[in-house]
Amino acid sequence: MKRQKSFEQEEPSIYLVPTPIGNLQEMSERALEILKSVDVIACEDTRNTGKLLKHFDIKKPLLSHHEHNQDQSISKILDKIKEGQSVAIVSDAGYPLISDPGSYLVKQSIEQDIPVISISGPNAALDALVASGLETKHYLFYGFLDAKSKKRIQELEELASFPYTILFYEAPHRIEACLKDLLSVFGDRKIVLAREISKLHEEYLRGTISEILEVCSTLKGEMVLVVSGAKKEENQISIEDAAEFVHRYIEDGLSMKKAVQQTASDLNVSKNELYQYIVKNGKFM
């Protein structure tokens, strides 16, 4: 076990610092304090981060760190830490590691007992979710679907019976094709398309997939799709997969009985059949 007390250590650390997704006023005081205090800022695009730092009058060395150079950049970042320097990781907008590279760096840092500290800040997916009007108790953040229709449809087919709200990111030039595939696989569900969140042209379109398809060709900007989960009568989940949901509830602290009851209610499966399957197969006992 590794135990990290983030505010009780002074050793060089990795800081994951979210940046505004549009409105610069959403940059928190703590995020600015961290950027001013670290020795180096590793960023997705030095030009974009340079503009951000200039706006807030912050002067720090920048290190390019993105999907295509991370094999080299990770070693440079870890070398900085070994030299006694703290490093902030930022992406072009929002949280680093959310639909951006960075998880490998975090894993290596943890393996080497380097503190990794996350700073709170803006996130487009959660902003869209809480304003969507759809179910927020349980949800899945999926991120970007595949750019090619065949693979995208395969991904959607795997998600079609998921009973909870699903969040996707999508680019404006693919939104129409994405919605057509979504309609063909999911049917005409309720969705919300949120675009340009926190920017001047922020807009929420709430309706069915077919309704939003009628206007999506005119839309621009960064987009989040919030899609309602499968209705119980649509849900054809297997008893084996349902057992995995029981496992997750148990890990969250529910008793076996409560976990089975909750899963049966969520997924519209037989409570008795589910319990008998778990007992027969020795699951989670």
Side-chain angles (χ1 to χ4, degrees), residues 2-127 141 143-144 169 171 196-200 202 221-222 224:
K2 296 177 182 289
R3 190 170 184 176
Q4 171 187 311
K5 291 183 177 290
S6 300
F7 290 92
E8 296 181 16
Q9 53 82 34
E10 298 180 357
E11 58 191 294
S13 304
I14 296 284
Y15 292 92
L16 306 177
V17 182
T19 55
I21 56 178
N23 192 324
L24 292 178
Q25 292 180 340
E26 292 181 345
M27 194 73 176
S28 72
E29 290 185 12
R30 187 178 180 215
L32 291 173
E33 179 185 339
I34 294 297
L35 293 181
K36 291 175 182 177
S37 67
V38 295
D39 301 288
V40 179
I41 298 174
C43 57
E44 189 177 1
D45 188 317
T46 55
R47 294 166 298 180
N48 290 338
T49 300
K51 293 176 183 177
L52 177 72
L53 297 182
K54 184 177 180 180
H55 178 84
F56 291 107
D57 194 27
I58 299 173
K59 297 179 176 64
K60 293 290 176 179
L62 298 180
L63 192 159
S64 177
H65 170 62
H66 51 75
E67 182 179 5
H68 304 295
N69 77 343
Q70 59 181 331
D71 288 342
Q72 296 76 35
S73 61
I74 287 175
S75 62
K76 292 180 182 179
I77 292 169
L78 295 179
D79 284 343
K80 296 291 184 185
I81 297 291
K82 293 171 185 176
E83 293 168 5
Q85 301 184 49
S86 286
V87 181
I89 311 296
V90 302
S91 64
D92 285 346
Y95 269 92
L97 277 75
I98 301 299
S99 288
D100 287 311
S103 59
Y104 190 50
L105 167 64
V106 170
K107 289 176 183 177
Q108 285 205 31
S109 300
I110 292 171
E111 287 172 1
Q112 298 183 33
D113 293 321
I114 297 169
V116 178
I117 300 169
S118 178
I119 310 303
S120 296
N123 176 264
L126 291 180
D127 286 351
F141 171 72
F144 284 98
Y169 285 157
E196 294 292 88
I197 293 176
S198 85
K199 300 176 185 177
L200 180 63
E202 175 179 290
E222 300 299 322
V224 182

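Every heavy atom of this structure was used, including side-chain atoms; hydrogens, water molecules and symmetry mates were not. On a predicted model such as this, the values are computed, not experimentally measured, just so you know. Numbering starts at 1 and runs along the sequence shown.
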**Q.** Y95 side chain reached by L16 side chain, heavy atoms, under 4.5 Å
**A.** no
Q.
Can you tell me how far apart CG (L24) and NZ (K199) are? Round to the nearest 0.5 Å.
A. 10.5 Å
Q | Pair C43-L63, side-chain contact (heavy atoms from CB on, under 4.5 Å): steps then yes or no | A | CA-CA 6 Å; C43 57; L63 192 159; over 6 Å; no
Q: Indicate yes or no: at least one non-hydrogen side-chain atom of E83 is less than 4.5 angstrom from one of D39.
A: no
Q) What's the shortest heavy-atom distance between A125 and V224, and which atoms? A) CA-CG1, 4.2 Å
Q: Using atom types as modelled and distance alone, determine if a side-chain donor or acceptor of T19 lies under 3.5 Å from a backbone N or O of V17.
A: no
Q) Which value, rounded to the nearest 0.5 Å, describes the distance between Q70 atom CD and S64 atom OG? A) 11.0 Å
Q.
Within the 4.5 Å heavy-atom criterion, are P12 and Q85 side-chain neighbours or not?
A. no
Q) Between Q4 and S6, does any side-chain donor sit less than 3.5 Å from a side-chain acceptor? A) yes
Q.
Between K2 and D113 (salt bridge meaning N to carboxylate O under 4.0 Å), is one present in this structure?
A. yes
Q: Side-chain contact test, heavy atoms from C-beta onward, threshold under 4.5 Å: evaluate it for S13 versus V116 and give yes or no.
A: no
(Q) Just verifying a value: how many Å separate N69 CG and I74 CD1, rounded to the nearest 0.5 Å? (A) 9.0 Å
Q.
Please check: side-chain N/O of N48 versus main-chain N/O of D45, any donor-acceptor pairing under 3.5 Å?
A. no
Q: List the steps, then state whether side-chain contact (heavy atoms from CB on, under 4.5 Å) holds for I197 with E222.
A: CA-CA 8 Å; I197 293 176; E222 300 299 322; over 6 Å; no
Q | I81 side chain reached by V87 side chain, heavy atoms, under 4.5 Å | A | yes
Q. Just wondering, more than 12 heavy atoms not from E10 lying within 6.0 Å of its CD?
A. no
Q: Nearest 0.5 Å please: distance from the CD1 atom of I14 over to the OG atom of S86.
A: 8.0 Å
Q. Roughly how far, to the nearest 0.5 Å, is the CG atom of N123 from the CZ atom of F141?
A. 7.0 Å
Q: Could you tell me which non-hydrogen atom of A88 sits nearest to which non-hydrogen atom of L35, and how far apart they are?
A: CB-CD2, 3.8 Å
Q | Flag side-chain contact, heavy atom, 4.5 Å: V90 against P18 | A | no
Q) Is the count of non-hydrogen atoms from other residues, nucleotides or ligands lying under 6.0 Å from Q112 atom CD greater than 12? A) yes
Q: Please assess I89 against I77 for the test side-chain contact (heavy atoms from CB on, under 4.5 Å), listing each intermediate value before the final yes or no.
A: CA-CA 10 Å; I89 311 296; I77 292 169; 4.1 Å; yes
Q.
Restricting to non-hydrogen atoms, name the atom on S28 and the atom on S120 that form the minimum distance, rounded to 0.1 Å.
A. OG-O, 4.1 Å
(Q) Quick check against the 3.5 Å criterion: does S198 have a side-chain atom that pairs as donor or acceptor with the backbone of N23? (A) yes
Q.
For the CG atom of L53 and the OG1 atom of T49, what is their distance to the nearest 0.5 Å?
A. 6.5 Å
Q) Please walk me through it: do I21 and E26 pass side-chain contact (heavy atoms from CB on, under 4.5 Å)? A) CA-CA 8 Å; I21 56 178; E26 292 181 345; 4.2 Å; yes
Q) Considering only heavy atoms from C-beta outward, does the side chain of H65 approach that of L105 to under 4.5 Å? A) yes
Q.
Taking atom NZ as the centre, does K60 end up with more than 12 heavy-atom neighbours from other residues, nucleotides or ligands that are less than 6.0 angstrom away?
A. yes
